Number of protein chains: 2
Amino acid sequence: MATRSGRSQRRTEALSRERIVTAAIELLDAAGESGLTFRVLTERLATGPGAIYWHVANKGELVGAATEAVITAALATAPADSPRAEIRAVALGLFEAIEQHPWLATQLSAQLSGNPWGAVTPRIFECVGRQIRALDVPEQDWFTATSALVHYILGAAGQNAANAQVAGSESDRAEFLANAQAEWDRLDPGEYSFLRAVAGQMREHDDREQFLAGIDLVLAGVHALRPKG
Amino acid sequence: MATRSGRSQRRTEALSRERIVTAAIELLDAAGESGLTFRVLTERLATGPGAIYWHVANKGELVGAATEAVITAALATAPADSPRAEIRAVALGLFEAIEQHPWLATQLSAQLSGNPWGAVTPRIFECVGRQIRALDVPEQDWFTATSALVHYILGAAGQNAANAQVAGSESDRAEFLANAQAEWDRLDPGEYSFLRAVAGQMREHDDREQFLAGIDLVLAGVHALRPKG
DNA sequence: ACCTGAACACCGTTCAAGT
DNA sequence: ACCTGAACACCGTTCAAGT
């Protein structure tokens with residue numbers, strides 16, 4: 001009657017780095033960074049740990065490869081007809097990738113902070129930077145402008161993902177927002193007067209619009225750098 | 001002849017949450033997040049794990065408390081005479097805190113992304129947001145402006161800390177920069193034309209100046225939001 | 001070349017027992 | 001109330017052995 005194990009059936013296909021990475025992404029999506037374990041990975045792929053270590057150096061490299069796979073797909077957006085539109089498209093692509101794979105937020109910021117395993121962040125920098133160059137920003141400001149944009153994109157997208165993650169369904173979301181607001185309202189009004197003032201407006205805005213408004217703000221700053229005339 | 005243990009001598013002072021957090025910060029500074037272990041913490045404080053768990057719920061809370069202690073000190077800057085100067089002071093305070101305690105970068109971004117243990121990020125938001133409010137930005141833009149600034153500050157400071165960390169001494173720094181540049185130069189010129197173009201200028205700039213230039217860029221964007229006239 | 005699976009060193013956490 | 005320290009469940013990683 002009872003089959004031996006629910007998850008791992010046939011094991012017909014051979015193991016490969018790609019299959020391992022795919023399984024790793026599924027586990028990360030399902031339960032976050034702590035949900036990716038060599039035991040459960042091993043079980044789902046119906047092998048032993050040694051088999052995985054044959055294809056992958058260690059856990060860090062595995063998570064790095066997972067990050068790279070997801071981000072590479074996200075960066076492959078259709079070319080738009082202006083640098084500004086292109087930046088918005090890339091930003092939204094990353095926003096949605098992080099929304100669907102919240103573990104990316106921590107991972108990307110760790111990679112920006114020098115984590116050695118795999119580096120997609122140069123690719124993100126390059127991708128955004130090209131569009132900055134396409135606007136006529138003075139060359140000396142390229143790095144400043146690009147890094148302001150990239151940090152905003154990754155940070156804001158990560159923060160959004162955290163909310164979306166807790167939120168879940170629509171009714172969950174309403175409840176979550178109500179709770180969050182209640183918690184903010186409980187803050188000492190004198191010590192947190194700004195947060196309290198801003199809490200209401202946060203609730204009404206659409207996440208995506210809010211996010212893009214930030215992009216526009218940074219782009220307005222970039223625009224101000226352009227040579228006058 | 002031989003004393004029992006090199007590190008932990010007298011053990012005269014009683015254990016306390018504060019002493020535990022202080023020791024935790026030292027370990028984090030010395031060897032990063034993975035360097036903080038209940039075994040070595042236990043050894044340095046000359047106790048058992050149970051004693052620590054009496055004062056602290058778990059490792060997450062401990063790291064959260066360490067973060068809070070350091071950030072609280074960093075946010076206590078002398079009041080400046082303009083919102084803009086105040087923002088720059090707060091930003092530089094955080095920049096330096098993260099430079100001296102690189103583990104903060106990952107920790108803060110994790111807290112922004114909804115990590116439950118301790119939350120200093122509302123304090124940072126409040127601190128920056130108050131100055132945004134003091135500039136005459138339309139109220140509907142407060143959140144956007146503040147989050148653009150905060151994400152830039154935390155992201156850029158974290159990235160700087162990563163470099164500073166590897167760099168170490170001055171000669172190390174020169175070697176590190178040379179290596180980094182060599183690695184960038186090795187990138188495919190077609191695929192990474194922007195990164196290559198920007199590599200040179202990155203090397204010349206002072207880290208702090210570079211960082212503040214980004215703050216100014218975002219502030220220029222904020223300025224563009226102000227009511228015309 | 002690719003995979004197996006037992007074994008190793010280490011981790012955070014618990015808890016009965018002491019003072 | 002505060003601390004001790006053995007024990008537990010679990011983790012990433014290794015490696016001799018198989019095919």
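Everything numeric in this text was worked out from a predicted model, so none of it was measured. Labels below follow one simple rule: chain letters A, B, ... track the order of the sequence lines, proteins then strands, and each chain is numbered from 1.
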query = Base, sugar-phosphate, or nothing for B:L62, non-hydrogen atoms under 4.0 angstrom?
reply =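 Nothing, no nucleic acid heavy atom in range.
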
message = Under 4.0 Å, heavy atoms only, any strand: does B:I52 hit a base, just the sugar-phosphate, or nothing?
response =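 No contact.
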
Please report the distance, rounded to the nearest Å, between [atom1] in [X] and [atom2] in [N].
X     : N      : atom1 : atom2 : result
A:Y53 : C:dG5  : OH    : P     : 17 Å
A:L45 : C:dC2  : CG    : P     : 16 Å
B:E61 : C:dT13 : CD    : P     : 11 Å
B:F38 : C:dC15 : CZ    : C1'   : 15 Å
A:R19 : C:dC3  : CZ    : C1'   : 13 Å
B:R17 : D:dA1  : CZ    : C1'   : 17 Å

inquiry  = Within the 3.5 Å criterion, strictly below it, is a donor on B:Q210 or A:T144 matched to an acceptor on the partner's side chain?
reply    =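 Yes, side-chain donor-acceptor contact under 3.5 Å.
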
ask   = Taking OP1 and OP2 of D:dC3, is either one under 4.0 Å from a side-chain nitrogen or oxygen of B:H55?
value =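 Looking at the OP1 and OP2 atoms of D:dC3, one of them is under 4.0 Å from a side-chain N or O of B:H55.
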
key: A:T37 vs D:dC11: side-chain N/O to OP1/OP2 distance below 4.0 Å   =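 The answer is yes; a side-chain N or O of A:T37 sits under 4.0 Å from OP1 or OP2.
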
task = Would you kindly compare B:G50 and B:K59 by the position of their nearest DNA chain C nucleotide and give the one closer to the 5′ end?
result =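 The residue mapped nearer the 5' terminus is B:K59.
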
Among [options], find the nucleotide with the atom closest to the side chain of [X].
X     : options               : answer
A:T47 : C:dT14, D:dC3, C:dT4  : C:dT4
B:L15 : D:dC3, C:dT4, D:dT13  : D:dC3
A:W54 : C:dT13, D:dT14, C:dC3 : C:dC3
A:R39 : D:dT14, D:dC11, C:dC3 : D:dC11
B:P49 : D:dG12, D:dC3, C:dT13 : C:dT13

task = Classify the ring geometry between A:F143 and A:F125 as parallel (under 30°), tilted (30 to 60°) or perpendicular (over 60°).
result =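 Parallel: the ring planes of A:F143 and A:F125 meet at under 30°.
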
Ring geometry between B:F38 and B:Y53 (parallel below 30°, tilted from 30 to 60°, perpendicular above 60°) =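 Plane angle under 30°, so parallel.
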
ask   = After noting the C-alpha distance and the side-chain angles of A:Y152 and B:Y152, does the key distance pass the ring-ring contact (aromatic ring centres under 6.0 Å, His included) rule?
value = CA-CA 6 Å; A:Y152 173 75; B:Y152 173 74; over 10 Å; no

ask   = Between A:R208 and A:E99, is there a salt bridge with N-O shorter than 4.0 Å?
value =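 A salt bridge is present here (some side-chain N lies under 4.0 Å from a carboxylate O).
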
request  = If D:dG5 has a Watson-Crick or G-U wobble mate with both distances under 3.5 Å, name it; if not, just say none.
outcome  =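 Checking every strand shown, D:dG5 finds its partner in C:dC15, with both distances under 3.5 Å.
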
